[in-house]
Amino acid sequence: MNPTNNVTRDFIRDIIDEDLRTNKYDGRVHTRFPPEPNGYLHIGHAKSICLNFGIAEEYKGLCNLRFDDTNPTKEEKEYTQSIIEDVRWLGFDWEDRLFFASDYFGQMYEYAVQLVKDGKAYVDDLNAKEINEYRGTLTKPGRNSPYRDRSVEENLDLLERMKAGEFADGEKVLRAKIDMAHPNLNMRDPIIYRILHASHHRTGDKWCIYPMYDWAHGLEDSIEDITHSICTLEFENHRPLYDWFLDNLGVYHPQQIEFARLNLTYTVMSKRMLLELVEGGYVSGWDDPRLPTISGMRRRGYSPTAIRNFCKRIGVAKVNSIVDLEFLEHCIRDDLNKTSLRFMGVLRPLKIVIENYPEDKVEELEAINNPEDPNAGTRKLPFSRVLYIEQGDFMEDPPKKFYRLAPGREVRFRYSYFITCKESIKEGGDVVELRCTYDPATRGGYAPDGRKVKSTIHWVSAAHAIDAEVRLYDRLFTLENPAGQKDTDFKELLNPNSLEVLTSSKVEPALRNLKPFDRFQFERQGYFCIGPDTTEENLVINRTVGLRDIWAKIQKQQQMKK
RNA sequence: AGCCCUGUGGUGUAGUGGUUAACAUGUUGGCCUUUGGAGCCAGCGACAGCGGUUCGAAUCCGCUCAGGGCUGCCA
C-alpha cells in the first residue's frame with residue numbers, strides 16, 4: 001500500500017502513511033478537489049489537482065470533483081464547464097463522483113437547526129457594520145452581540161423565517177456561539193448563514209439563505225466521507241473552526257491539511273488579477289496563451305504530461321515560494337523533446353538562390369521525423385533552386401562565434417547540401433536576397449572528402465512552402481513578482497512585447513496535415529502547435545517555448561560588452 | 001500589537017540525532033553532435049542568527065531575527 005519507490009515524498013503523504021499505519025480511517029484514502037466555479041483553472045489549481053487525484057491514485061483511494069458553489073453572486077455555469085474540461089484534459093477521472101455543494105443545502109440547513117437546538121448557534125440582528133465593530137481587532141477582544149442570548153425557540157423561529165424569505169438581505173444572520181474573545185478571529189461567533197435573495201445557477205430561487213464557506217466546507221467533506229481535506233495555507237486559521245463545527249455536530253470528521261499554493265515568476269496567479277486582465281482586454285480571453293490558465297496553456301501547446309510532471313517535481317511544502325518560470329519551461333521541453341515530430345519552418349524568411357542548381361529541378365530529400373524516437377520514421381522534403389532561410393542565420397559581417405552563413409562561408413543545409421554564400425543583394429540597406437552555390441557531392445549533408453562545416457541551418461523550398469502566421473509568446477510581465485509590488489499596479493508591469501505576430505513565415509508543406517492543437521518542433525527554433533483559430537486561408541501557429549539557445553546567450557553577452 | 005504558520009545552494013525540494021548535507025533546475029567549463037537542440041562528464045553554490053541539551057544537532061529545546069496568513073454577511 002505504501003508507495004515507496006520512485007514516488008514523491010512530502011509531509012502530506014507522511015501524514016497519510018501514519019494514518020494508514022494507525023488505521024485512522026479504516027485504511028481509506030479519499031480526497032477531493034473543490035473549486036469554486038467563479039473563474040478558470042490555472043497552473044496553481046493544477047498543483048492541487050495533481051496532489052489530490054495523484055494521492056488517490058497512489059494509495060488506490062478515491063478523489064471527488066466537487067464544486068463549492070455556496071455564493072450565487074459570483075458563480076457561473078460557464079466556469080463549471082471549463083473546470084470539468086480542464087481537469088479531464090489533465091487526465092484525471094472522478095468517475096461518478098461529481099458533486100456540488102449546492103446539492104447539500106438541505107442537509108446543511110438541518111445541521112444548522114441541530115446546532116440551534118443545542119444552543120450553539122443564534123440569529124443575530126446586528127448589521128454588517130455592527131458585527132464588524134463587535135468583532136474587536138487583532139489585538140482587542142470582541143463583545144457579545146445583544147442578540148446572543150435569544151432562546152432556542154426564538155432562534156428556531158427566526159431561522160425558519162430567514163429561510164422562508166421574510167427578511168431582506170443583511171437583516172439577519174445565523175452565527176455560531178463560540179467565543180467573542182478568542183485570539184483567532186475566525187472563532188469569534190462566525191457567521192453560518194447569510195441572507196441573499198439571489199438566484200443560484202443550480203438551485204434557482206429555492207434558497208434565499210446561503211451557507212458560508214466555513215460552515216459548508218467541513219460538512220461537504222464529512223458528507224462525502226473525505227479522509228484528507230487538502231487546502232491552501234490561508235485556511236490554516238480556519239482549521240479550528242472546521243474542527244469545532246464537526247465536533248459540535250458530532251458527525252464524521254475528516255482532517256484538514258494545508259500546503260503552500262504555487263507561485264510562478266513573471267506571471268500572476270490570483271483570480272482577481274486574472275479576471276482584471278481578461279475583463280480589461282489586456283489579454284484575448286481566459287485562454288490567452290500568455291496566461292497561466294490551463295486553457296491558455298493548452299492553447300499555447302503545453303501537454304498534460306508536462307504539466308503533471310511539473311506539479312510532481314516542484315513538490316509540496318508549507319513555505320511560501322515562487323517557482324522559476326524556467327523550470328516550467330524545462331518540463332515542457334523535456335516532454336516535447338521526446339514526443340514531438342520535427343519540421344522545418346522559417347519564421348523570418350530570407351530568399352536565397354542556388355545559382356548552380358537547375359531552374360526546374362526538384363529533389364525529394366529524406367528527413368528524420370524525431371531523432372528521439374526511431375519509430376516516428378522519416379519524410380520527404382522538397383529541395384529546389386530558390387529557398388528561404390532564417391534572416392538570423394545570415395550576417396554580412398559576422399562577429400566571433402557566429403558559425404552560420406556569411407559571405408564566402410559554407411554551411412550545411414539540413415538534410416540537403418553544403419552551400420556557400422557568394423553574394424548578398426541589398427535594398428535600402430537591408431539584405432533581401434542571397435546568391436549561393438551548392439556542392440552536388442554533398443547530397444544528404446555529408447562531404448565525401450570529409451571536410452567539416454561549422455553549422456547546419458534549416459530552410460524551406462520557396463515553391464513548396466506554405467505561408468503561416470506564427471505567434472511568438474513571451475513572459476506576460478517584466479518583473480519576477482508583479483503581484484508583490486506595493487506601489488505599482490500590476491498592470492503597469494505587463495510586458496509590451498509578450499506577443500509578437502509574424503505574418504509571412506514559410507513552413508514545410510507537411511504541416512498541412514496537422515490539426516488544431518497538434519504539437520511539433522520547428523528544428524532549431526522551438527516547440528509549436530497549430531492554433532485553434534487556424535482557417536482554410538490562414539495557418540496559425542503558436543510558439544509554446546523556444547529551444548535552449550546558446551547563440552542568443554552569446555549574442556547577449558557580446559552586446560553587454562559593447 | 002494578539003494568534004497561527006514557515007526559514008536548507010540563485011530557484012524548487014529531500015534529509016525525522018552520526019551522511020563527503022542529496023536531487024532537480026539554473027549557472028560555469030568540457031565532450032559529443034547533420035537541430036548552437038538532445039545527451040554525457042566535471043565545477044560552483046545552502047542548513048537565518050545566538051545560546052542550550054547531547055559523545056555527536058540541519059534535525060530536539062529556548063531566545064532573536066526574517067517572511068507569510070488572519071479584523072468579508074468571499075472562498
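These numbers come from the heavy atoms of this one structure, side chains and all, not from hydrogens, waters or symmetry mates. Every chain is numbered from 1 and lettered A, B, ... according to where its sequence line falls, protein lines coming before strand lines.
- For A:Y210 and A:Y193, the distance between ring centers is not under 6.0 angstrom.
- Distances shown here put a side-chain N or O of A:R194 below 4.0 Å from the OP1 or OP2 atom of B:rC74.
- Taking every side-chain heavy atom of A:R524 into account, B:rG36 is the closest of B:rA75, B:rG36, B:rG2.
- Here A:F383 and A:Y417 bring their ring centres to under 6.0 angstrom of each other.
- If you measure from atom CG of A:L275 to atom P of B:rA75, you get 17 Å, rounded to the nearest angstrom.
- If you check B:rC73, B:rG2, B:rC74 against the side chain of A:L138, the one that comes closest is B:rG2.
- The phosphate of B:rU27 (OP1 or OP2) has a side-chain N or O of A:R548 nearer than 4.0 angstrom.
- Comparing B:rU35, B:rG36, B:rG26 against the side chain of A:F402 picks out B:rG36 as the nearest.
- Using bins of under 30°, 30° to 60° and over 60° for the plane-to-plane angle, the ring pair A:F520/A:F343 lands in the perpendicular bin.
- Without hydrogens or angle criteria, A:S416 side chain to A:F413 main chain gives a donor-acceptor distance under 3.5 Å.
- Here B:rU13 is the nucleotide among B:rA75, B:rG72, B:rU13 with the atom lying nearest to any side-chain atom of A:A317.
- When distances run from any side-chain atom of A:L185 to the nucleotides B:rU35, B:rU27, B:rC70, the shortest one goes to B:rC70.
- Side-chain N/O atoms of A:S321 include one lying less than 4.0 angstrom from OP1 or OP2 on B:rU13.
- The side chain of A:R135 contributes an N or O atom lying less than 4.0 Å from OP1 or OP2 of B:rC73.
- Whole-Å rounding puts the A:R313 CZ to B:rU13 P distance at 14 Å.
- In the set B:rC4, B:rG26, B:rA75, B:rA75 carries the atom at the smallest distance from any side-chain atom of A:Y213.
- Regarding A:E234, its CD atom lies at a distance of 12 Å from the C1' atom of B:rC74, rounded to whole Å.
- The aromatic ring of A:Y403 sits over the base of B:rG36, with ring centres less than 5.5 Å apart and planes tilted by under 30°.
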